[in-house]
Amino acid sequence: MRERSKSAPTTPGEMPKAYEPGAIEPRWAQEWVAKRLSTPPAEPAQPIFSLAIPPPNVTGSLHMGHMLEHTQIDALMRWRRMQGFRTLWLPGTDHAGIATQLVVERMLAEQGIDRKQIGREEFERRVWEWKAHSGDTIKKQMIRLGASCDWTRERFTLEPALYRAVIEAFVRLYQEGLIYRGRYMVNWCPRCGTALSDLEVEHQERDARLYFIRYLLADGSGHLTIATTRPETLLGDTAVAVHPADERYRQFVGKTLRLPLLGREIPVIADAYVDPEFGTGAVKVTPAHDPNDFAVGERHHLPKINIFDEAARTNANAGPYADLDRFEARKRVVADLEKQGLLERIEPYRHAVGLCHRCKTPVEPRVSLQWFCKMQPLAEPAIEAVERGWIRIVPENNARIYLHWMRNIHDWCISRQLWWGHRIPVWHCALCGEMTVARVYPAAPGLPPPDPPPTTCSHCGVPRVAQDPDVLDTWFSSALWPFSTLGWPDDTPDLRTFYPTTLMVNGFDILFFWDARMIMFGLHFLPREKPEERIPFRTLYIHQIVRDAERQKMSKTRGNVIDPLEVTEKYGTDAVRFTLAVMSAPGTDIALSEDRMRSARAFANKIWNAARLLDLNFARLPEADRARLAAPASRAAAPYPLNGGLTLADRWLFSRLHRVTAEVNLALEEFRFHEASHSLYHFFWHEFCDWYLEWIKPAFGEDKASPSRDAAWMNVLAAFETALRLLHPIMPFLTEELWQRTFAAGENVASLALAKFPQANPARFDDSAEREMALLQEAITLIRNIRADMKIDARHRIEAALGSPEQPVLELFRAHREEIIRLAHLSRLDLQEGHLALAGGVLRTVARFDARVPLSDTDREAERLRLRKEKEKLEAELARLHTRLGDAEFRAKAPAHVVRAIERRQAEYNTQYQKVVALLGSLEASR
RNA sequence: GGGCGCUUAGCUCAGCGGUUAGAGCGCUCCCCUCACACGGGAGAGGUCGUAGGUUCAAAUCCUACAGCGCCCACCA
């Protein structure tokens, strides 16, 4: 049934010494795609786990932020898929209107080409060219990362089907009266030549100046001084405003001022918007170039004088200052004011400047004709969906941020004066000025035919209509993504099966841009009875922000991106994935460091070599034994008992394995990738490799067939294979390679990616095995400790003695004498009942036993100092515990188990303390 | 102006009410022991930003302060 990989090494005993990701990872990446492992199977009955990718912008290639996002999504996808969910990770890309247009414009600029020279059609053709290139790069990167997407369902926001969804959404909202067109003040980017939404304006604190300018009264009876940060806009002033209750200026209200430089007469008006505390308490009013002044102008019916063109250069209204850049105009205006003695003073002033989110040009508020989407009616259900828990937001404090924003939402400017995007499907009549709406989109097979573009006005019938030149904000199409990609507006099987999607994963930076709007549009457009079935996703998980070494945010426009392919090639995909996962603690940022990647690479290598150790020994077994021991049936039987009972090491290992399994499952449930990774790292390296493999080496090294050899092999292979499964969601390549090599034969799945994810069995938790193993480890460590402190050559075997007054402890040591001898590198081990005497050696003592190494030339002084220190520490600790236990309130109020634990500890410390005192005594006596 | 977050070992960060506070890297000492020097073994290193408070008990909860960062916002 399954098809064994031809490329995987098949001969045991031939593994390279080090893990070579470059030779292994690309092979599996290709094979997973070729075999379509990530296309959800057809059976409809299974539980669904679906996610629509946050479509990367086709502005270039993927950066580390994407890699973090994709690593987390992929880990969850693989985990759920292995758990038997019918998973769909739907991939795709975003046309990213303004961002992509900017990239192509910059590219053309390098060739000295302006987009206006080549025209709209040719420009769009060039952008499509670029899109093909960028989209291809992105897909390759994702495949290389191992992203388990269903590539048969790949989407792009500007492809015909999604174009159609956008047009459908627009037309419906328009017909419902939720989309309107009007002349309002909007944020305008003079470089991009387009309107922006409020969200696309980035505020940045900057040092600026506050100019105090005199406006003379027309009757020559005096002057008013105003303060402004933008003196050049006085060219468009149509009033000066003061607060109605401001005594200082009461006499001025209603009088006429002469506008400096231009001499135009303007009134002094009273408006409560003015803050008497700021500046001089008098404000120049420029209704065409400031949002507040715009509102004042509306209230007072002031004329709006526009002094700038689309590129924020002064126009004819600026009189002698016409045809200047806005900053040049400022210089000239200030210089002339100074010359005329109208500039009182300049103060340094720090304030926020609005910048274009994409190109960082200072935004110019501008009155223009734009399209808007009414938000309040859409926001109400979106608030309810989160308040009532239909959508869970993780980490949950993001829900508060979301709700706060939603409750204060403003209408959304959705039109952009760009060429790259979905054209607004509205035709304007040259004669009557009315609008004609039509469902026009690119025709394609499988789609209903679009409306023909209107040729006559639907109102007056005159054949002089032209399509609105604007395109839609790129986030308009993004807002439809979770359902447009599944076939909406048609009621497709995919939409019925996978919507609402189970999960959305993205960064905080697009919570408002995207998540909020998906929720609003999903709730609005899905033709389903219950609102909880209309939501676009059931859980929204907000991931960390990846920063560079200087803790700067990584972003395409900032240009400080680390190419994921570069580090992937250097350290291996799995190592980078593990690094990202292990640093993914919720609510924190990730300052990516190469140190961590190196350590993750070492981890991969460690696992590789654990496999190699098994492989080398396994290779010596007869082939029939190998087939039998590695067979799925053998692993299913593990842990395999020997002579009716498991060895301590196996009880311990499987106890730990099941606990780690529980930890990993729980951590992934809660998006705690760092906990899952830590558990796996610690288990694999420090428990499985450092202790377990060392412990059992002699057993599985046996050549001769025996029940003990078989038991050892079955157990170690089963544990190792389970651990590979556990690690697969985070390190898919390494685990797949190792699994295919040893375990795939006889399995009915083609890949580890389709194998079953382990489930913890609490019956395997074995406290006594863990306690006993801890005692043995403590004994071995204690002897190694003496060796290291006494500078005993690591190659030299020595004698040692262990003594304990407790029979069970001695029994344990006796039963594992061989392991202690081997792991502490001894030539001989004596076991004695009771405490050990110093007897001319070095004696170390812990609560339940003593260890002694006979030595003639020990450094007694150093040993004495060490003991002194230990004694002091114990005294301090005992004093603390004594006070604690002497506190009646503590005994009365603390839970019984806490009191008992402290009493136990006190008893242990006491024993220890007495032994240390005695030891110190004998050391000093023999001095 | 609001809102949110951070301050724990030299560095980067976990832990967020109950044993002697952890990890990775770095550092010190020993070892190329037949899986791995991307390794093994053993260590050193922290009064958990400051000051109060709550509690039997506080890195962990509360308050204030200091420093750092982010988001939102129409005071020119």
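Protein chains get the first letters and strands the later ones, always in sequence-line order, with residue 1 at the start of each. Bear in mind that the values here come from a model prediction, so they are computed numbers and not experimental data.
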From the set [options], return the single nucleotide nearest to any side-chain atom of [X].
X	options	result
A:Lys606	B:U12, B:A73, B:A35	B:A35
A:Phe890	B:A76, B:C56, B:A42	B:C56
A:Ala610	B:A35, B:A57, B:C74	B:A35
A:Ser599	B:C25, B:A76, B:A35	B:C25
A:Ala894	B:C31, B:G18, B:A37	B:G18
A:Arg596	B:A35, B:A23, B:G41	B:A23
A:Arg601	B:C31, B:C38, B:A76	B:C38
A:Phe508	B:C31, B:C71, B:C56	B:C71
A:Phe278	B:A76, B:A35, B:A57	B:A76
A:Val898	B:A73, B:G18, B:A35	B:G18

Rounded off to whole Å, could you give me the [atom1]-to-[atom2] distance for the [X] and [N] pair?
X	N	atom1	atom2	result
A:Met406	B:C72	CE	P	15 Å
A:Ile510	B:C72	CD1	P	13 Å
A:Glu670	B:G15	CD	P	14 Å
A:Asn609	B:A37	CG	P	7 Å
A:His825	B:A42	NE2	P	14 Å

[N] to [M] separation - [atom1] atoms, rounded to the nearest Å:
N	M	atom1	answer
B:G1	B:A9	C1'	40 Å
B:G39	B:C32	C1'	9 Å
B:U28	B:A44	P	15 Å
B:G15	B:G5	P	15 Å
B:C25	B:C62	C1'	36 Å
B:C29	B:U63	C1'	48 Å
B:U47	B:G53	P	22 Å

Between [X] and [N], does any side-chain N or O lie under 4.0 Å from OP1 or OP2?
X	N	result
A:Tyr349	B:A76	yes
A:Arg905	B:U20	yes
A:Arg784	B:A42	yes
A:His674	B:G15	yes
A:His686	B:G39	no
A:Thr781	B:G41	no
A:Lys893	B:G18	no
A:Asn617	B:A35	no
A:Arg795	B:C32	yes
A:Trp685	B:G40	yes

So what does [X] hit on the nucleic acid, given a heavy-atom distance under 4.0 Å: a base, only sugar-phosphate, or nothing?
X	answer
A:Arg672	sugar-phosphate
A:Asn408	nothing
A:Lys284	nothing
A:Pro895	base
A:Ala227	base
A:Thr286	nothing
A:Asn785	sugar-phosphate
A:Ala788	sugar-phosphate
A:Tyr273	base
A:Arg797	nothing
A:Glu694	base
A:Arg787	nothing
A:Ala892	nothing
A:Phe294	nothing

Are any of the side-chain nitrogens in [X] or [Y] under 4.0 Å away from the carboxylate oxygens of its partner?
X	Y	result
A:Glu903	A:Arg891	yes
A:Glu908	A:Arg905	no
A:Glu364	A:Arg230	yes
A:Lys304	A:Glu298	yes

Report the residue (A:Trp405 or A:His678) whose heavy-atom-nearest nucleotide on RNA chain B is the more 5′ of the two.
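Result: A:His678.
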If you assign each of A:Val283 and A:His897 to its closest nucleotide in RNA chain B, which residue comes earlier from the 5' end?
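Closest to the 5' end, via its nearest nucleotide, is A:His897.
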Can you label the angle between the A:Phe578 ring and the A:Phe603 ring as parallel, tilted or perpendicular, going by 30° and 60°?
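Aromatic pair A:Phe578/A:Phe603 classed tilted.
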Please determine if A:Arg601 forms a cation-pi arrangement with A:Tyr571, meaning its NZ or CZ atom is less than 6.0 Å from the six-membered ring centre and no more than 45° off the ring axis.
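No; the conditions do not both hold, so A:Arg601 does not lie above the ring face of A:Tyr571.
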Among side-chain atoms of [X] and [Y], is any donor-acceptor pair under 3.5 angstrom?
X	Y	result
A:Asp411	A:Tyr184	no
A:Glu778	A:Thr781	no
A:His410	A:Asp198	no

Checking base pairs now: Watson-Crick or wobble, both atom distances under 3.5 Å. What partners [N]?
N	answer
B:C56	B:G18
B:G67	B:C6
B:A42	B:U28

With ring centroids as reference points, do A:Phe212 and A:Tyr349 lie under 6.0 angstrom apart?
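Aromatic pair excluded; centres sit 6.0 Å or further apart.
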Taking the chi torsion of B:A59, is it syn (within 90° of 0) or anti (everything else)?
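Classified syn.
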